[in-house]
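Data first, discussion second: the structure below is written as structure tokens.
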Amino acid sequence: MLTVSTALRAVFAGLCLLAAGLAAAPALAEDGYELWLRYRPATHARAVTELVAAAATPAQAAARAELLRGLAGMSGHRPPLSDTVTRTGAVIVGTAASSPVVARLRLDTADLGREGYLIRSVVVDGYAATIIAANEDIGALYGAFHFLRLLQTGQTLDDLDVLEAPKVQLRVLDHWDNLDRFVERGYAGASIWDWHKLPDWRDPRYTDYARANASVGINGAVLNNVNANALILAPMYLEKVAALADVFRPWGIRIYLSARFSAPIEIGGLQTADPLDPTVRRWWRDKADEIYRHVPDFGGFLVKANSEGQPGPQDYGRSHADGANMLAEALAAHGGVVMWRAFVYSNEQPDDRAKQAYSEFVPLDGKFRDNVLVQVKNGAIDFQPREPFHPLFGAMPRTPLMMEFQITKEYLGFATHLAYLGPLYEETLRADTRARGEGSTVAKVIDGSLHADNLPGGAPTGMAGVANIGADRNWSGSHFDQANWYAFGRLAWNPQLSSQAIAGDWVRMTFSNDSAFVRPVVDMMMASREAVVDYMTPLGLHHLMGRGHHYGPGPWIAGGPRADWTSVYYHRADEDGIGFDRSATGSDAVAQYALPVAQIFGDAERVPEKFLLWFHHLPWDHDTRSGRTLWHELVHRYTRGVDTVMRMRATWDGLKGHVDAERHAQVAAFLTIQHKEAHWWRDASIAYWQRINGLPLPPGETPPPRPLEYYESLEFPYAPGGG
Ligand code: GCW
């Protein structure tokens, strides 16, 4: 018979088994929510024995809380807090104003500016310690994140001597989020801004968003889509915006808004939005004053004007400078800036779309107010898998030009294709404009150094990334897309960084420090964007995707409302050849580049092959550098892209034991989708080109498994993100 005590013993034993089982399994499923701030056990974290950190301001409290959280996670215990250094292994964080210890050390912080920091191994009162010091609280916060990164990536705390200051002032995420929570070109679910519940419900996720941004140095966020709804500027929304600004402030993030140029008519009841009309100017001044009453550190406006149907100054016969300067004047008194986009092109304009932004903006160089930045996409068309650098870089020496990259992968397979964009960003930033001789890189245009002598002192500098963030649990729609957010932030802080080194840091923090894992994964990431170029748009081809939603191949797209939204406009293929002639014999877009660059791009024999068909229309039997004909080379590259994805799958499958099952499984499933879709791109493209050129496949190449009509018939009315 079972006595009470044996029954109790059995229950107890069962509980123990359960507890043991629980302990063996990870406490929480890895769903990607923690991003690169996972703070799992790290070898050298135990070297930290105490934390000397004030929390007298929200930013100080943020830094202290993050250090405690990170150190507790990585070392298994929360280090004690102390006002003074009492033992070896102390970490001191702060400014001369916040920390008597920092003040006493009399560090030379002249080069750090407002946001910079230093991290140094020091001896304080006879104890070996680490100091994280800055001029302002925000610098100390950035330093705290850097210090945590050192531990997360397995580095020791010996002999530290780090000095960092951002090279670019405005490091901004552009959210293309609508007020109804639809995210244009978003592949990570709905908008994270829950406008309906704001301002009263401040989702804790907003704080995690700010933490993640601060950890990579992002210091601004444009909350709403550039295809803007004027309502964001109405009082009801400004209260909501103010609530978000309050959450972001301790983390050094300023809010910006996309301003709709016709807002004075739509929400102001005026008859016109003419930028030279005094009532319109007054309206914007009052609106700016009202915004600053809600958000005293408001960053400014981002504007898409006279582009793709958006209203703008040209509706009134005024220039982009007239429009930008009116808004800049309204913001100037408060220290705000205008980020005026150069993404303009018109279907009515017979000229090559790639030339239009340059043609419109170069004559305006020097005509913008000091607090205007012209925001230029990395290339002249539209965030394609590969584009040559935009000819505006280097061509407006008297205007601060801000970079606009796309982090969301509108043209690189949405969320399910693994494409690490670090190499894309790096390729553009390192491109040499030759505007002032050799070494005139795009990075130097962006950080303001190339034209420092032409620009007014203290001219703003900036880099924007179109965010890939949504309400999905993993933020970015896929685990690997988090790397693109991360890499954007790191490169905005320092455009000279190597994308490979950034990938290494990200992999270590996000997955594992095990070099048997890190090496193959970084290699896979570094090859991934090139694979996408190969299977979608090899050899400089561009804009060949499905209409509207931009999902999947559509080289056959023709007709419809605008020629410059078709594929045939860009590839110009016929039975004789393929490619867009932008050389002197064609649209002469090459002439918009500095002469040495124009000469190279304009010469089919010298142009880098990756841009061949961007600049040249060539016969199908043109000899390429491999010795293959152009047609054979194209097919070769399509197939190479598919094969690379196949190898990525194999690499990832082989790493199963190194990463938690949840994330491993999703990445594996997405790679399977990518492989299937890479094939689809290759097959559909080859089938289409063959219909045009009538040429047989090179020997050994597998023919597309379906007729062209099949690929052309596919429709995706509910593909995500459609604009
Ligand atoms: O890339 C295109 C997108 C549009 C976008 C536009 C822009 C916000 O397809 O969705 O609109 O560029 O950058 O303004």
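Whatever order the structure lists them in is the order used to number ligands and atoms, beginning at 1.
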With H550 via ring-ring contact (aromatic ring centres under 6.0 Å, His included) - residues at least two apart: Y411
What residues, two or more places apart in sequence or in another chain, satisfy side chain to side chain contact (heavy atoms under 4.5 Å, CB included) together with A242? H294, V295
Pairs flagged by salt bridge (charged side-chain N to carboxylate O under 4.0 Å, His left out) wherever residues 713-723 is involved - sequence neighbours left out: none
Could you tell me whether the side chain of E404 and the main chain of V466 form a donor-acceptor pair under 3.5 Å? no
Hey, is R582 close enough to D588 for a salt bridge, meaning N to O under 4.0 Å? no
Residues around ligand 1, heavy atom under 4.0 Å from any ligand atom, sorted by chain and number. Can you pull those? W176, E184, R185, N225, V226, N227, K304, E308, R341, F343, K377, D382, E410, Y411, H550
Please determine whether a side-chain nitrogen of the Lys or Arg among E427 and R529 lies less than 4.0 Å from a carboxylate oxygen of the Asp or Glu. yes
